[in-house]
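Contents: one structure, followed by commentary.
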Amino acid sequence: MDHPPTEPRDDGPRAAERNERPGRYDPTTLEARWRQAWKDQGLYTVDLDDSSRPKYYFLTMYPYPSGDLHVGHWYAEAPADAAARFRRMRGYNVLFPMGFDAFGLPAENAAIRAAREGEKVHPMSLTYERIDRMEKQFEQMGAMFDWSKKVVTCDPEYYRWNQWVFLRMFERGLAYRKESLVNWDPVDQTVLANEQVIDGRGDRSGALVERRLMPQWHFKITDYADELLDFEGLDWPEKVKTMQTNWIGRSEGAQVAFQTEAGPIEVFTTRPDTLWGATFMVLAPEHPLVPRLTTDARRAEVKAYQAAAARMSEIDRQAEGKAKTGVFTGGYAVNPVTDERVPVWIADYVLTTYGTGAVMAVPAHDQRDFEFARAFGLEVRVVVQPEGAEALDGATMAEAYAGDGVLVNSAPFDGLRVGKEGAQEGIGRVIDWLAERGIGEKKVTYRLRDWLISRQRYWGTPIPVVYCDACGIVGVRDEDLPVELPADVDFLPTGQSPLTLHEGFLNTTCPTCGGPARRETDTMDTFMDSSWYWFRYLSPHLDTAPLDSRLAKAWAPVDMYTGGVEHAILHLLYSRFFTKVLRDLGLIDHGEPFVRMRNQGMILGEDGEKMSKSRGNVVNPDHLVEAYGADAVRAYLMFIGPWDQGGPWNYQGIEGVSRFLNRVWSAIAAPTEEAGVQADTATLRELRRAVHQAIAKVSDHLEGFRFNTAVAELMTLQNALTKAKAAGAAGSPEWAEACEAMTLLLAPIAPHLAEELWARAGNDTSVHLQAWPVADPEALARDEVVIAVQVGGKLRGEVTVPADAGKEDVLAAAKASPNVRRHLEGMVVVREIVVPGKLVNLVVKPQG
RNA sequence: GCGAGGAUGGCGGAACUGGUAGACGCGCCAGACUUAGGAUCUGGUGUCUUUGACGUGCGGGUUCAAGUCCCGCUCCUCGCACCA
């Protein structure tokens, strides 16, 4: 099953040839040697108590241990490593840790598959094997990960603290159990959080999600909805902030009660100003008042509709362009402002999970209500007339009018300007009036729902509660943590968690009364693990608390977080929530986990398609490293294009980068035979200028995560080096400076090659411990500049003038240029534009 | 439908606050070294009817000057999508 999907293009003959000739750039042996040396020296082990330098916590999303390191991992982590190394050379004490998000369905599914074939595989041993394999592959990358702080979330020393935090949340009512309509994934045999359902399908299995009523554990993330909308001070991609804002979906409006014989129906509306136009009501089919409102004459039809709605999947129910359906209950409610009796309908376009599960229908001013009214012949009453336009007529209008306008047919408020665009104030006045009369009140509703964390699976953190007949739901005592996963379980393809069948795990005693009790068999969503893991890197083995508050205070929040945008909502929203909870528990004193964030794009196959085994376009990083060396793979991934865009892999592209590294090698490391400096001073000055320009630009690009242009700039410097060497610059102080600068600038991108060149230059401390070079403005200065000369906005020539030439001199030189003179013939110059150091534009018109 | 981002040579992509479009790399062409080269090195390479004209998705506009700013479109990618 593990055969390589693509053959390496070019490893055999070229690699062999390289090995034959000593003195050539041989990444394979050189890189292995340096990785060993770094390990032996502990070069990347961070002293968290070192306060001599400012700290910088650089975090990159930890992977799920699939057992095989993909180029996608390289793409995510190699440029991040370069950015982290750059920070370090800039004088920061940089923490760049790595670990594994080790719980999860794939390992358990593999165990079930194996069991089906009569084999015994445990997710635990499988996961640890895969972690070992991935760690070895990770090492090839030559990244400065501090593995001494590794976190593995399936280890009891980690998940024990998931349980501890859960208990604190349980005590505060932030974790609670509630029967609710949930998303059931029939393939993975578990419930899913709303965030894990994409287009009505499970995000991992792709199965159509079913709706089931089950008692489930939730976290009260909605308590933090408003705080989660505040991104003040966060340097995050705009896209991620927008996605989270939309997900939380805050709506301001009013809650209004409509009286019925069966009791009041509460509705939420963002347009209480249109209450006078509410001509009917619509409830979700699951609304609790439906049975009592329904008249006997309508009961059979209502029940049939409810049953049909329950059978339908979420995807069918919300299908695009679906025509409105619904049935009349036979019941009526009283519109509280008009005192009219309005019919109560049920329809599946009203969602039971949003707001109160009931709406007041204002067909003239809401498109959905309008469509429903037209479908069933209900009254459309206009209460908002647009200003400066033809008056609307409920009988003839073709669509709802949702814009701003003036109230009509609305007793005390006729003439009031209302609307969401510019007349919010009018809506506020109506709400105040409703509140004074006890009809309604101001209300804020969110789309965000509480985070459902129960999973009916084995391979996760056991939820640390027991069920006691006498005491109810009781949390496990802290001293009895962790509640460990039993190792002796059988994985049966029954769709049942092995925990529910394990008597030794199930039976326990109640911590309160000591009587017999049964353990909870649900485990936690694995997003629980990733919601606080970065704190654990600081003290991975601490056994008295989830985190070391002193170290957390010193190192958190994370200064830079990198990873894929696919986590924009799930992981990143949960992590923000968790950080606020940990703050409220008094463990830390900040509320946001990640100050800065950058997302990388996706690396595609050579055909521009997403890499997949079935397409056969998977690029294998191990083979590439064998053929070109880790530095070339790193540098090519950075060179491929803007990091946040991703892009297709190209085998010819990596050849180019590999050639570049070879040229650096032969320019700097290869012995020069010519004795003495042949180059003239102009050449040496030009070399120095190129060096300092590269320093300035590479610094700027790395600072801005523009790895592609950083590599391009190094290539430009290399071309200057080649040219200078050919002109006999070798042996000069300028040449030595250039070689040193090139080596330092290359260090974050190609750490092995840079280290080798640094050592060959006679240094005995690592290049990665050196200070980043600083550009000398004097070296950048030129004494002559080339000025472009335009006539009438079109380029007609170039002139070289002294850098400090005055405007008149520049103009004179420009006009003297032969081609320019030709274009000025028969013309009058009407305007002269001089952009210092750049260009001259002579605006002309025909003579006479 | 709503929101965000994008469209530049044969290809991946550069271009700071408007100021010589195409940096850098790939590919291609020519040459050098070679028994040979898919290795290495050197030079060239936007298009065309080449003293010049035309060129940054399309159509307008502002400006001495527009890939960049403004107005109106087309297409692509991503996210959300009956949220009251």
Side-chain angles (χ1 to χ4, degrees), chain A residues 10 13-14 17-18 198-199 237-243 245-247 249-251 253 267-271 274 282 284 317-322 324 347-351 353-362 366-369 371-372 445-448 565-566 568-569 601-602 608 636 639-642 644-645 647-657 659-660 662-663 666 697 700 706 708-719 722 726 786-798 818-819 822-823 830-844:
Chain A
D10 195 4
R14 285 192 52 210
E17 183 199 13
R18 271 203 293 260
I198 318 277
D199 291 336
E238 215 49 50
K239 179 180 178 152
V240 175
K241 292 194 274 187
T242 308
M243 282 171 72
T245 303
N246 292 340
W247 183 261
R250 182 190 153 99
S251 294
V267 298
F268 171 73
T269 174
T270 57
R271 292 297 303 271
T274 63
V282 188
R317 235 171 114 154
Q318 302 198 2
E320 189 177 355
K322 179 174 168 279
K324 293 283 176 292
D348 63 5
Y349 81 88
V350 177
L351 308 174
T353 45
Y354 182 77
T356 62
V359 302
M360 61 175 214
V362 184
D366 179 285
Q367 187 57 26
R368 295 152 302 180
D369 298 344
E371 286 166 22
F372 193 82
T445 294
Y446 303 89
R447 205 185 84 112
L448 180 71
V565 246
E566 65 274 17
I569 295 178
M602 204 193 299
Y636 177 60
F639 187 60
I640 208 163
D644 57 357
Q645 265 174 44
W649 180 269
N650 181 322
Y651 283 92
Q652 285 166 335
I654 194 172
E655 290 278 358
V657 171
R659 252 173 254 169
F660 155 66
N662 268 291
R663 280 196 278 257
S666 43
K697 289 198 168 176
D700 193 44
R706 293 183 299 270
N708 57 331
T709 45
V711 174
E713 219 45 65
L714 286 175
M715 288 173 166
T716 306
L717 176 59
Q718 177 49 42
N719 293 340
T722 304
V786 179
I787 303 276
V789 185
Q790 296 179 335
V791 178
K794 293 200 164 132
L795 187 67
R796 298 301 179 194
E798 273 178 358
N819 196 39
R822 191 161 43 241
H823 282 92
V830 294
R831 205 170 149 189
E832 291 164 339
I833 293 181
V834 179
V835 181
K838 287 264 178 189
L839 66 66
V840 167
N841 187 10
L842 304 169
V843 186
V844 292

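Proteins come first, then strands; the chains are lettered A, B, ... in the order of their sequence lines, and each starts at number 1. Hydrogens, waters and symmetry mates are skipped; everything else that's a heavy atom, side chains included, is used.
N708(A) places a side-chain heavy atom less than 4.5 Å from the side chain of P642(A). T245(A) has its side chain out of reach of R250(A): every pair of non-hydrogen atoms, C-beta onward, lies at least 4.5 Å apart. Between W649(A) and I654(A) the shortest side-chain heavy-atom distance falls below 4.5 Å. Side chains of I787(A) and K838(A) form no contact here, defined as non-hydrogen atoms less than 4.5 Å apart. In this structure the side chain of R796(A) never reaches within 4.5 angstrom of the side chain of V789(A), judged on heavy atoms. In this structure, the side chains of R706(A) and D700(A) come closer than 4.5 Å at one or more pairs of heavy atoms.
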What string of B, S and - do you get for nucleotides 7-18 of chain B, 5' to 3', when a contact is any protein heavy atom under 4.0 Å? -----BSS-B--
Can you build the contact string for nucleotides 41-56 of chain B? Use B for base contact, S for sugar-phosphate-only contact, and - for no protein heavy atom under 4.0 Å. SS--------SSSS--
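Under 3.5 Å, the side chains of T242(A) and E238(A) contain no donor-acceptor pair of N or O atoms. Donor-acceptor pairing under 3.5 Å is recorded for the side chains of N819(A) and R822(A).
The 5' end of RNA chain B is approached more closely, in terms of each residue's nearest nucleotide, by I787(A) than by the other of G249(A) and I787(A). Annotation: of the two residues near RNA chain B, I569(A) and T269(A), the 5′-most nearest-nucleotide partner is I569(A).
For the P atoms, the distance from rU62(B) to rA66(B) is 12 Å, rounded to whole Å. A distance of about 15 Å separates the C1' atoms of rA36(B) and rA32(B), rounded to the whole Å. Using P as the reference atom, rU45(B) and rU17(B) are 29 Å apart when rounded to the nearest Å. rC76(B) and rC29(B) are spaced 34 Å apart, taking the C1' atom of each and rounding to whole Å. Using P as the reference atom, rC26(B) and rA21(B) are 25 Å apart when rounded to the nearest Å. With P as the reference atom, rC24(B) and rG18(B) are 25 Å apart, rounded to whole Å. rG67(B) and rC58(B) have their P atoms separated by 12 Å, with the value rounded to a whole Å. Nucleotides rA7(B) and rG13(B) are separated by 13 Å at their C1' atoms, to the nearest Å.
Contact between P648(A) and G608(A) at its shortest, heavy atoms only, is CB-CA, 4.0 Å. The shortest non-hydrogen separation linking A347(A) to V282(A) is CB-CG1, 3.5 Å. The shortest heavy-atom contact between L842(A) and V840(A) is CD2-CG1, 3.9 Å.
Here the side chain of F268(A) is nearest to one of rA84(B), rU20(B), rC24(B), namely rA84(B). Closest to the side chain of Q652(A), out of rA84(B), rC26(B), rC64(B), is rC26(B).
Nucleotide rG79(B) carries an anti base; the chi torsion (O4'-C1'-N9-C4 or O4'-C1'-N1-C2) is more than 90° from 0.
Among the protein residues, V843(A) comes within range of the sugar-phosphate backbone only, with heavy atoms under 4.0 Å from sugar or phosphate atoms but none that close to a base. When heavy atoms are screened at a 4.0 angstrom cut-off, E798(A) is found touching base atoms of the nucleic acid. Contacts of V350(A) with the nucleic acid, taken as non-hydrogen atoms under 4.0 Å apart, include base atoms.
The distance between atom CH2 of W247(A) and atom P of rG79(B), rounded to the nearest whole Å, is 13 Å. Spacing between atom CG of D644(A) and atom P of rA4(B) amounts to 18 Å, rounded to whole angstrom units. Between the OH atom of Y349(A) and the C1' atom of rG1(B) there is a distance of 18 Å, given to the nearest Å. The distance between atom OH of Y354(A) and atom C1' of rC82(B), rounded to the nearest whole Å, is 12 Å. For E832(A) and rG19(B), the CD to C1' distance is 17 Å, given to the nearest whole Å. The nearest whole Å value for the distance from the CD atom in E238(A) to the C1' atom in rG79(B) is 14 Å. Remark: P of rC82(B) and CD of E371(A) are 12 Å apart, rounded to the nearest angstrom. Atom C1' of nucleotide rC78(B) and atom CG of N246(A) are separated by 13 Å, given to the nearest angstrom.
In this view, K324(A) and Y349(A), R368(A), E371(A), F372(A) satisfy the side chain to side chain contact (heavy atoms under 4.5 Å, CB included) rule, not counting sequence neighbours. Residues meeting the side chain to side chain donor-acceptor pair (under 3.5 Å) test with E798(A), sequence neighbours left out: none. Residues that satisfy the side chain to side chain contact (heavy atoms under 4.5 Å, CB included) test with R447(A), not counting sequence neighbours, are W247(A), Y354(A).
One finds a side-chain N or O of N719(A) lying less than 4.0 angstrom from the OP1 or OP2 phosphate oxygen of rG25(B).
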Can you give the dot-bracket line for RNA chain B, where a pair is Watson-Crick or G-U wobble with both atom distances under 3.5 Å, crossing pairs use [ ], and | marks a partner on another strand? (((((((..(((......[....)))((((((.......))))))(((...)))..(((((..]....))))))))))))....
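At a cut-off of 3.5 angstrom, counting only N and O atoms as typed in the model, there is no donor on one side facing an acceptor on the other between the side-chain of K239(A) and the base of rC78(B).
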